[in-house]
There are 2 protein chains.
Amino acid sequence: MRISELARRSGVPIGTVKYYLREGLLPAGEPTAATQAQYGEEHVARLALIRALLGTGGLSISTARAVLAAVDDPALSPHDMIGAAHSALPTMAENERPDLSTAQAHLRRWEWQVHEDSPAVSSMAQGLQALQAAGFDTPDQMLDRYARAAYELGEQDVADVPMDSPAEAVRYVVIGTLLLEPVLLALRRLAHEDVSARRLSS
Amino acid sequence: MRISELARRSGVPIGTVKYYLREGLLPAGEPTAATQAQYGEEHVARLALIRALLGTGGLSISTARAVLAAVDDPALSPHDMIGAAHSALPTMAENERPDLSTAQAHLRRWEWQVHEDSPAVSSMAQGLQALQAAGFDTPDQMLDRYARAAYELGEQDVADVPMDSPAEAVRYVVIGTLLLEPVLLALRRLAHEDVSARRLSS
DNA sequence: CATTCTTAGACAGCTTAACTTTCCAACTAC
DNA sequence: GTAGTTGGAAAGTTAAGCTGTCTAAGAATG
């Protein structure tokens with residue numbers, strides 16, 4: 001198919017498709033002439049993924065490019081893959097240098113085997129710092145609960161990764177990590193609603 | 001203190017402080033003359049909260065204004081309060097009208113008592129839709145796990161809300177809901193790291 | 001073959017958000 | 001009284017993510 005059909009099929013405006021091509025998010029089609037190229041089903045699927053990353057995933061163009069590069073990568077070992085995927089994932093404002101010590105102390109308490117300079121540690125540290133700055137107390141007991149819940153999810157997430165095809169595994173990790181996040185957050189808010197509704201009616 | 005000291009104490013540039021005043025995020029100081037006003041400790045704390053909401057919380061100016069309005073509100077019943085806080089919270093692109101039926105089916109399965117038109121339902125639906133569009137399968141079993149984890153957190157979160165002062169309760173709900181989110185997401189990613197590290201070394 | 005439509009690619013322009021700078025008259029501190 | 005600071009308004013800036021315009025080259029149709 002040509003660009004206008006690709007745009008129609010994917011629901012993405014033609015100018016935007018060109019923009020994604022230019023930005024290197026969408027691979028170029030098979031050129032048939034100087035001013036013509038063919039696109040396939042994989043381009044339609046890719047556009048859906050791009051829109052999911054940019055929209056729901058909340059990624060910037062440049063971060064999405066990095067994430068998609070990881071998805072495209074022939075891939076490494078299962079473990080390195082998760083690391084590569086995570087480091088491509090967004091980490092909020094990285095110009096800030098939060099104090100990692102509190103976060104690291106918790107991680108040691110839980111005996112989690114993580115890189116001390118993992119981007120997620122910075123995220124966690126920044127989150128804790130923001131809570132403290134906002135005057136919100138985070139007792140160990142509360143963080144322990146969050147850690148346990150996160151760990152149970154993480155265990156299953158990793159177990160669910162399809163290990164047969166490396167390419168499929170990276171894709172699974174990247175998409176699953178990123179796009180399940182808004183679902184998890186929404187579920188927590190819905191749980192708040194339900195719990196408070198039940199308390200009220202009891 | 002006057003504006004320059006407020007700016008220095010809070011670490012927020014003076015021009016930005018004026019901007020927040022203009023945007024109604026920061027209440028005006030006590031005017032002492034036509035071109036002079038006094039600010040207090042509460043302004044310093046408020047600026048810290050504003051920066052936490054805009055930075056780590058990822059809110060836009062207008063959403064932050066709504067959230068802060070909820071925080072300032074004399075407050076309603078404990079339950080309405082959570083609802084008010086949630087509806088002030090961000091819901092991603094609200095121009096999109098995702099298909100709610102799948103999300104609602106899950107909620108019915110879990111027998112959660114939530115408003116069908118709650119913003120969190122849209123968030124959840126949008127998240128599920130993005131996953132599907134990206135070709136990521138979300139079996140009931142997986143969502144059940146996420147729901148259970150979210151519910152356990154939500155139960156404790158609600159139990160932790162200080163019910164003595166309504167004003168303090170709203171503040172707690174808003175900040176706790178919003179600013180614990182990045183921490184939860186970071187913990188999930190760190191759990192992925194730990195689990196995959198353990199699998200590798202075993 | 002002639003006419004009309006579509007295309008790739010380059011590039012300039014647009015829109016929104018969040019600041020940031022400039023300005024000025026009114027004050028304050030020395 | 002003179003140098004510096006302030007509140008408030010308004011214009012300017014920057015970056016991100018598109019969107020529109022243009023041009024020469026092909027495609028589609030009769």
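Every chain is numbered from 1 and lettered A, B, ... according to where its sequence line falls, protein lines coming before strand lines. Just so we're clear, the structure is a prediction, and the values are computed from it rather than from any experiment.
- Rounded to an integer number of Å, the gap from CD1 of A:I61 to C1' of D:dT19 is 14 Å.
- Nearest to the side-chain atoms of B:K18 among the listed nucleotides D:dT6, D:dT19, D:dG7 stands D:dG7.
- Among the atoms of the strands shown, none is found under 4.0 Å from any heavy atom of A:L21.
- To the nearest 0.5 Å, atom CG of residue A:L107 and atom CE of residue A:M124 are 4.5 Å apart.
- Of the candidates D:dT6, C:dC11, D:dA27, the closest approach to any side-chain atom of B:T35 belongs to D:dT6.
- When distances run from any side-chain atom of B:R22 to the nucleotides C:dC27, D:dT19, D:dA11, the shortest one goes to D:dA11.
- Taking atom NE2 of residue B:H43 and atom P of nucleotide D:dG7, one finds them 11 Å apart after rounding to whole Å.
- For B:R51, the side-chain atoms get nearest to C:dC19 when compared with the rest of D:dG7, C:dC19, C:dA8.
- In this structure, a donor-acceptor pair under 3.5 Å is absent between the side chains of B:Y172 and B:D157.
- The separation between A:Y20 atom OH and D:dG17 atom C1' is 8 Å, rounded to whole Å.
- The A:S60 side chain lies nearest to D:dG17 when the options are C:dT7, D:dG7, D:dG17.
- Rounded to an integer number of Å, the gap from OH of B:Y19 to C1' of D:dG7 is 18 Å.
- Remark: B:S196 OG to A:E155 CD distance equals 12.0 Å, nearest 0.5 Å.
- With the nearest nucleotide of DNA chain D identified for both A:T32 and A:T16, A:T16 has the one nearer the 5' end.
- Which of D:dG7, D:dT19, C:dA8 sits closest to the side chain of B:A37 comes down to D:dG7.
- Rounded to whole angstrom, the span from the CD atom of B:E5 across to the C1' atom of D:dG7 amounts to 17 Å.
- The distance between atom CD1 of B:I3 and atom C1' of C:dT28, rounded to the nearest whole Å, is 16 Å.
- Nearest nucleotide to the side chain of B:A33, out of C:dC27, C:dA8, C:dC19: C:dC27.
- Nucleic acid contact for B:S62: none, since no nucleic acid atom lies under 4.0 Å from a heavy atom of the residue.
- For A:Y39, the listed nucleotide lying nearest its side chain is C:dA8; candidates were D:dT19, C:dC19, C:dA8.
- Following rounding to the nearest Å, A:Q36 (CD) and C:dA8 (P) show an atom-to-atom distance of 6 Å.
- With respect to B:D144 and B:R148, no salt bridge is recorded, no charged nitrogen being found less than 4.0 Å from a carboxylate O.
- For the pair B:R2 CZ and C:dA26 P, the computed distance is 18 Å after rounding to whole Å.
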Verdict with supporting geometry, B:E152 and A:R145, salt bridge (charged side-chain N to carboxylate O under 4.0 Å, His left out): CA-CA 9 Å; B:E152 281 168 16; A:R145 276 192 281 116; over 6 Å; no
